[in-house]
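Comments concern the structure below.
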Amino acid sequence: MILLWSTILYYVPKWTVFAQAFLLLLIPLLLIPMFKMIRKSLNSSFSLKPDKYSPPRTKSPLEGIRMTGQFDKDVKVIRNAIGNQADVRFREIMIKGTKSRAVILYVEGLTDIDLIDSHILRPLMLQGVQEEQRNSFFHSKNIMKNYLTEQLMTVSELQPEPSLKKFVESVLFGKTGLIVEGMQEALIIGAAKGKSRSIEDPISEALLRGPRVGFTERLGDNTGLLRLHGQNESLVLTKFEVGNRVKKDLVLAYMRDIANPKLVEEVSSRIQKIEIDDPMESGYIEQLIEDNVLSPFQQVHNTERPDRVIAGLLEGRVAILLDGTPFALILPVTFSMLLQSPEDYYDRWLPGTFIRVLRFLAAMLALLAPALYISFISYHPGLIPTKLALSITETRQGVPFPSIIEALIMEISIEILREAGIRLPKPIGPAMGIVGGLIIGDAAVNAGIVSPFLVIVVAVTAISSFTIPVYSAGITLRILRFTGMFSAAVLGLFGVVLFFLLVCSHLVRLKSFGVPYVSPMTPYNISEWKDFIIRAPLKMMKKRPSMLKPNDSDRRN
Amino acid sequence: MSSSNTGPKENISTSQAAVMVINYMLGAGILTLPRTTAEAVRTPDAWISIIVSGLIVLAAGWILVSLCKRFQGKTWFQFVPEITGKWIAFLLSLLVIGYFMIIAASEIRILAEVTGLFLLEGTPIWAIVLPFMWIGLYLTLGGINCIARLYEIILPITLVFLVLALLLSSKIFDADNLKPVLGSGIMPVLRGIKPTLLSFTGYEIMLVATAFMKFPKKATRAVITGISVPVVIYTFTVVMVIGGMSINGVEKRTWPTLDLMRSFEVQGLLFERFESLLLVIWIMQIFSTFTVTLYAASLGWSQILNRKFRTFVFALLPVMFLIAMIPKDVTEAFKLGDTVGYASVFLFGVIPLILLLVSLVRKKGAKPN
């Protein structure tokens with residue numbers, strides 16, 4: 001009996017082990033609810049309606065007021081409401097042939113002056129109302145309106161508006177307003193025509209082969225580019241209005257008979273939940289509708305290229321275009337998409353495949369190379385070839401820092417260089433790159449701060465990270481690289497493996513609009529792999545990716 | 001029992017089920033199997049033992065899956081009560097859960113020992129084990145689907161690196177080390193079956209996985225693929241290790257496969273030694289074994305006690321750690337692993353057969369068509 005007890009006691013772990021077990025439980029118990037809470041509070045702050053407007057918005061004085069038809073009164077009300085806006089112009093005229101006065105309202109810089117001059121002012125002032133019509137005007141107010149719209153004004157966009165508030169809003173958004181004496185409705189003519197730039201090659205996604213077309217800041221141009229891509233009856237463009245204070249148009253694009261209706265529904269419901277004063281750029285939309293706020297990986301793909309959007313739509317994805325930005329959003333996104341470029345498809349399949357394999361390798365290098373350097377130098381010099389280990393140790397002889405500090409110095413300085421390169425004026429950017437990269441690198445080695453081998457590692461890493469075709473994905477890898485370096489510094493090669501497992505665990509848990517982030521890597525499916533690391537010949541890729549559950553899975557349709 | 005325990009019903013594909021079995025099986029065995037077999041067989045015929053026990057395991061897996069297929073959409077913890085009644089089922093489920101927990105614990109301990117020996121000398125065990133278990137927890141909380149997806153990512157890496165490393169060892173491979181075939185008759189081969197069977201534990205995950213399969217009818221195919229791949233890999237490993245180091249050389253080493261990797265150098269390649277490669281994939285394999293056993297044990301608790309799954313994932317973590325710390329040294333850790341291994345032969349070889357017969361006689365469960 002005593003023997004039994006003593007064996008049991010012998011095997012009962014020490015109290016330190018119990019403390020460690022407690023720690024093992026405590027830390028995730030604290031961390032996971034914390035992350036959950038952060039995520040919840042982040043999500044709720046934008047998905048709920050603002051409970052009070054602060055400061056309370058002043059009610060428009062025009063609220064609920066309709067046109068009376070009494071010219072002077074109406075114009076006075078409008079002048080009172082918007083008279084202090086510097087850029088609103090009032091042009092009073094007399095319609096020829098009648099004694100009716102009229103006023104044209106427009107915003108300087110937003111309105112097409114040519115349109116006003118030749119299609120509104122000219123017919124009203126020169127042509128006017130014919131003799132025989134004149135009398136009937138006094139009988140009915142509608143006849144005047146009909147005559148003006150049907151026979152006089154040669155414009156395509158024309159809309160009567162009885163509500164003064166809406167009329168004023170439209171004028172302020174750049175449409176031309178016309179008020180005619182005796183009419184109980186004002187006319188809204190034309191569309192806003194602000195300045196826009198011409199269509200250019202997209203800067204952030206330049207290709208050697210492929211259309212040299214990028215989106216612009218105007219939504220109309222962008223949807224036009226999608227339509228222009230080719231005759232296509234199934235392309236649907238649904239319009240939403242987002243923004244509570246500053247209202248912006250947002251277009252949800254998808255292929256009617258390809259996209260999964262559930263996906264479209266989910267995306268539109270998330271768009272409708274957006275509560276924000278002004279969605280400045282599509283990045284706002286992206287951040288307000290994504291699944292996981294805390295993930296370093298982007299869950300929405302952004303692009304400037306119409307061909308990329310169309311390709312996404314044809315795979316069964318949906319796209320979001322926002323007024324005022326050349327960046328369209330494609331969703332859902334998967335990890336493989338971030339390493340693919342439209343060029344892979346435009347080129348023949350062998351070059352496409354080769355470059356893709358190269359990119360996957362480069363991504364691995366960009367993620368792990370400095371971490372592996374640190375772990376091998378600091379922990380396992382025995383695992384690298386003896387000669388190499390010797391030469392590295394020799395060059396590191398003068399370096400006074402441990403390898404993590406050494407690598408951090410280099411990595412941080414190259415990140416700073418890269419960031420500076422974006423801000424620098426174009427002509428001196430490359431020059432500064434050379435100065436920073438070559439000269440500082442060389443000087444750092446000569447000064448004995450870093451070892452030349454590390455300079456090679458850092459340079460290879462930096463160049464590798466440039467091969468990633470999606471800029472924002474490159475940033476993700478850059479952030480993760482630092483995490484990898486720290487885990488290597490703490491636990492060596494084991495730390496690197498753990499880091500890799502953590503990233504993979506996160507990736508397999510991540511979903512973008514219901515689609516697992518790691519598809520098509522898993523589940524194993526040969527037909528999906530034709531467009532993953534390799535890019536099979538086009539003739540072999542007959543199916544659309546099944547992860548999106550498209551309505552029509554045959555790519556030949 | 002309500003299915004709300006496991007959250008929304010998740011599906012895994014047939015290939016995912018097979019991959020789960022493969023990843024579960026390929027665990028600590030890669031490093032130690034050549035020694036355990038060589039010790040028992042003492043002739044170069046160890047590889048025949050592995051094939052034979054592989055075939056036995058295939059049969060056991062087939063029986064186990066046939067049992068599971070009769071109860072579609074239900075895990076072991078849910079269908080056993082239908083066959084045996086509540087109390088025996090409770091006992092059986094506890095045994096299975098305990099088995100999963102001890103397997104997880106022993107894998108953790110062996111991981112800590114190997115890492116401490118080869119990669120991080122002087123690092124305390126807890127520093128190695130704690131982050132490892134936290135990442136495992138993070139993955140397991142994602143559910144069986146996430147687990148399966150992760151396994152599908154690490155399996156190709158494992159296979160490529162392992163085959164590459166073993167092929168490179170052909171430099172010191174000597175076919176004479178494998179001769180004579182059956183020189184001492186069939187008896188040594190039979191002696192080797194018992195220890196090798198231990199390395200093939202892993203098909204029992206089908207007790208849980210079958211319930212989640214999208215096409216449960218294909219479970220047999222999944223388990224057969226899942227067992228065949230490790231059989232081929234283990235046979236290949238043992239052939240290469242014994243061929244490279246001879247049967248006498250293998251017996252004396254604790255980690256013969258790692259020693260094989262250390263005993264040759266390939267000039268001109270980026271790496272001259274490949275134990276780091278082998279260790280990397282081995283850590284990943286231990287991770288997969290740990291997470292799947294953690295998942296199975298937590299699911300078991302949550303289903304027999306009808307409580308939330310997440311609670312048990314958290315609660316089992318420190319328990320597994322304490323179990324892992326009980327053995328005083330690596331030999332005892334091996335002993336622990338072996339003991340539960342033998343239990344597995346009984347638990348997953350004999351009991352499913354009995355249950356299958358009972359369910360056939362008592363006409364419980366649906367007939368798989």
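Every chain is numbered from 1, with letters handed out A, B, ... down the list of sequences.
For B:Tyr138, the parts lying near chain A are the backbone and the side chain together; criterion is any non-hydrogen pair under 4.5 Å. For B:Ile323, no part lies under 4.5 angstrom from a heavy atom of chain A. In this structure, no portion of B:Val319 lies under 4.5 Å from any heavy atom of chain A. Both the backbone and the side chain of A:Pro523 come within less than 4.5 Å of a heavy atom of chain B. Only the side chain of A:Phe500 has a heavy atom closer than 4.5 Å to any heavy atom of chain B. Residue B:Glu332 touches chain A through its side chain alone, counting heavy-atom pairs closer than 4.5 Å. For chain A, no part of B:Leu316 is nearby; none of its heavy atoms comes within less than 4.5 Å. Heavy-atom distances place no part of B:Ile125 under 4.5 Å from chain A, backbone and side chain included. Both the backbone and the side chain of A:Val17 have a heavy atom closer than 4.5 Å to some heavy atom of chain B.
Heavy-atom contacts from other residues, nucleotides or ligands closer than 6.0 Å to CZ of A:Arg270 number more than 12. The number of heavy atoms from other shown groups lying within 6.0 Å of CZ (A:Phe360) is above 12. Shown here is B:Lys335, whose NZ atom has no more than 12 heavy atoms of other residues, nucleotides or ligands within 6.0 Å. Remark: A:Met34 CE is packed, more than 12 non-hydrogen atoms of other residues, nucleotides or ligands lying under 6.0 Å away.
Annotation: the span from A:His380 atom NE2 to B:Leu279 atom CG amounts to 9.0 Å, rounded to 0.5 Å. To the nearest 0.5 Å, atom OG1 of residue B:Thr140 and atom CZ of residue A:Arg509 are 9.0 Å apart. Note: A:Leu501 CG to B:Leu150 CG = 6.5 Å, rounded to the nearest 0.5 Å. Interatomic distance, A:Leu24 CG to B:Leu322 CG, rounded to the nearest 0.5 Å: 9.0 Å. Between atom CD1 of residue B:Ile135 and atom NE2 of residue A:His506 there is a gap of 13.0 Å, rounded to the nearest 0.5 Å. Atoms CG and CG, from B:Leu317 and A:Leu26 in turn, are 12.0 Å apart once rounded to the nearest 0.5 Å.
Comparing A:Leu29, A:Leu25, A:Leu507, A:Asn525 by how many heavy-atom pairs each has under 4.5 Å with chain B, the most go to A:Leu25. For the set B:Ile147, B:Ile154, B:Ile281, B:Ile153, the entry with the most heavy-atom pairs within less than 4.5 Å of chain A is B:Ile153. When each of B:Ile128, B:Leu137, B:Thr291 is scored by its heavy-atom pairs under 4.5 Å with chain A, the top score falls to B:Ile128. Each of A:Ile32, A:Val518, A:Leu498 has some count of heavy-atom pairs under 4.5 Å with chain B, and the biggest count is that of A:Leu498.
Closest approach of A:Ser505 to B:Leu139, counting heavy atoms only: OG-CB, 3.8 Å. B:Glu152 and A:Met521 get closest at one heavy-atom pair: O-CE, 3.6 Å. The heavy-atom pair separating A:Gly492 from B:Leu120 by the smallest distance is N-CD2, 4.3 Å.
Within the 4.5 Å cutoff, the side chain of A:Pro13 has no heavy atoms near those of the B:Phe321 side chain. The closest side-chain heavy-atom distance from B:Thr123 to A:Tyr379 is not below 4.5 Å. Side chains of B:Phe314 and A:Pro28 form a contact here, defined as non-hydrogen atoms less than 4.5 Å apart.
Screening B:Val280, B:Val114, B:Thr115 for a side chain to side chain contact (heavy atoms under 4.5 Å, CB included) involving A:Phe494 leaves a single residue, B:Thr115.
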Please determine whether side chain to side chain contact (heavy atoms under 4.5 Å, CB included) holds for the pair B:Phe132 and A:Leu491, giving the CA-CA distance in whole Å, both sets of side-chain angles, and the decisive distance to 0.1 Å. CA-CA 11 Å; B:Phe132 182 85; A:Leu491 285 173; over 6 Å; no

